[in-house]
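Take a look at the structure below.
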Amino acid sequence: QVQLVESGGGLVQAGGSLRLSCAASGSIFSINRMGWYRQAPGEQRELVADITSGGSTNYVESMKGRFTISRDNAKNTVYLQMNSLKPEDTAVYYCQARITTSRRVTYNYWGQGTQVTVSS
């Protein structure tokens with residue numbers, strides 16, 4: 001019914017940048033909020049940043065100043081601009097969105113994840 005597809009991951013050297021994209025598609029009535037999470041091997045999934053439908057953003061403190069979350073409501077897409085990347089940023093990054101479908105059912109959807117690898 002609804003799916004999220006991430007893109008933009010890859011291999012980058014420390015200090016470099018990547019821009020992740022996540023596009024939502026399907027029978028969508030509205031997208032309430034969207035966010036990015038990441039999960040490194042052997043660790044729990046953690047929030048990176050999120051953004052409300054009104055554009056209010058929230059960041060994990062350690063990522064402020066390096067990462068920027070934004071959204072394009074016309075494209076049902078959320079972005080994560082990642083600058084000054086560090087090896088410890090290496091993880092699978094997942095897009096998450098709270099979406100109300102055309103049937104007026106609200107649910108938290110997850111993307112399949114995109115790998116980000118930062119070399120030292």
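All values reported here derive from a predicted model rather than from experimental measurement.
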If every non-hydrogen atom of [X] is compared with every non-hydrogen atom of [Y], which pair is closest and at what distance?
| X | Y | result |
| --- | --- | --- |
| Thr90 | Val118 | OG1-N, 2.9 Å |
| Arg66 | Leu85 | NH1-CA, 3.9 Å |
| Cys95 | Val78 | SG-CG1, 3.7 Å |
| Asp89 | Ser84 | OD2-O, 4.4 Å |
| Ser70 | Ile51 | CA-CD1, 4.0 Å |
| Leu4 | Tyr109 | CD1-O, 3.4 Å |

Roughly how far, to the nearest 0.5 Å, is [atom2] of [Y] from [atom1] of [X]?
| X | Y | atom1 | atom2 | value |
| --- | --- | --- | --- | --- |
| Leu20 | Trp36 | CG | CH2 | 4.5 Å |
| Glu88 | Ser120 | CD | OG | 10.0 Å |
| Gln115 | Leu11 | CD | CG | 9.5 Å |
| Ser21 | Gln81 | OG | CD | 9.5 Å |
| Met34 | Gln96 | CE | CD | 9.0 Å |
| Leu80 | Glu6 | CG | CD | 11.0 Å |

key: Test log, rule side-chain hydrogen bond (donor to acceptor under 3.5 Å, both in side chains), inputs Ser17 and Asn83   = CA-CA 4 Å; Ser17 299; Asn83 299 322; 2.9 Å; yes
key: Main-chain N/O of Ser102 paired with Arg104 side-chain donor or acceptor, under 3.5 Å   = yes
ask   = For the hydrophobic clusters of this structure (ILVMFWY residues joined by side-chain heavy atoms under 4.5 Å, transitively), does one cluster hold both Ile99 and Val105?
value = no
message = Assigning hydrophobic clusters by single linkage (Ile, Leu, Val, Met, Phe, Trp, Tyr; side-chain heavy-atom cutoff under 4.5 Å), is Met82 placed with Tyr79?
response = no
Does the side chain of [X] reach to within under 4.5 Å of the side chain of [Y], using non-hydrogen atoms?
| X | Y | value |
| --- | --- | --- |
| Phe29 | Thr101 | no |
| Arg71 | Ser53 | yes |
| Tyr107 | Val2 | no |
| Ser25 | Val5 | no |
| Tyr59 | Thr68 | yes |

query = Could you walk me through whether Thr106 and Thr100 pass the side-chain hydrogen bond (donor to acceptor under 3.5 Å, both in side chains) check?
reply = CA-CA 4 Å; Thr106 301; Thr100 300; 2.8 Å; yes
ask   = Just one of Gln39, Arg38, Gln112 clears the side-chain contact (heavy atoms from CB on, under 4.5 Å) bar with Tyr94, so which one?
value = Gln39
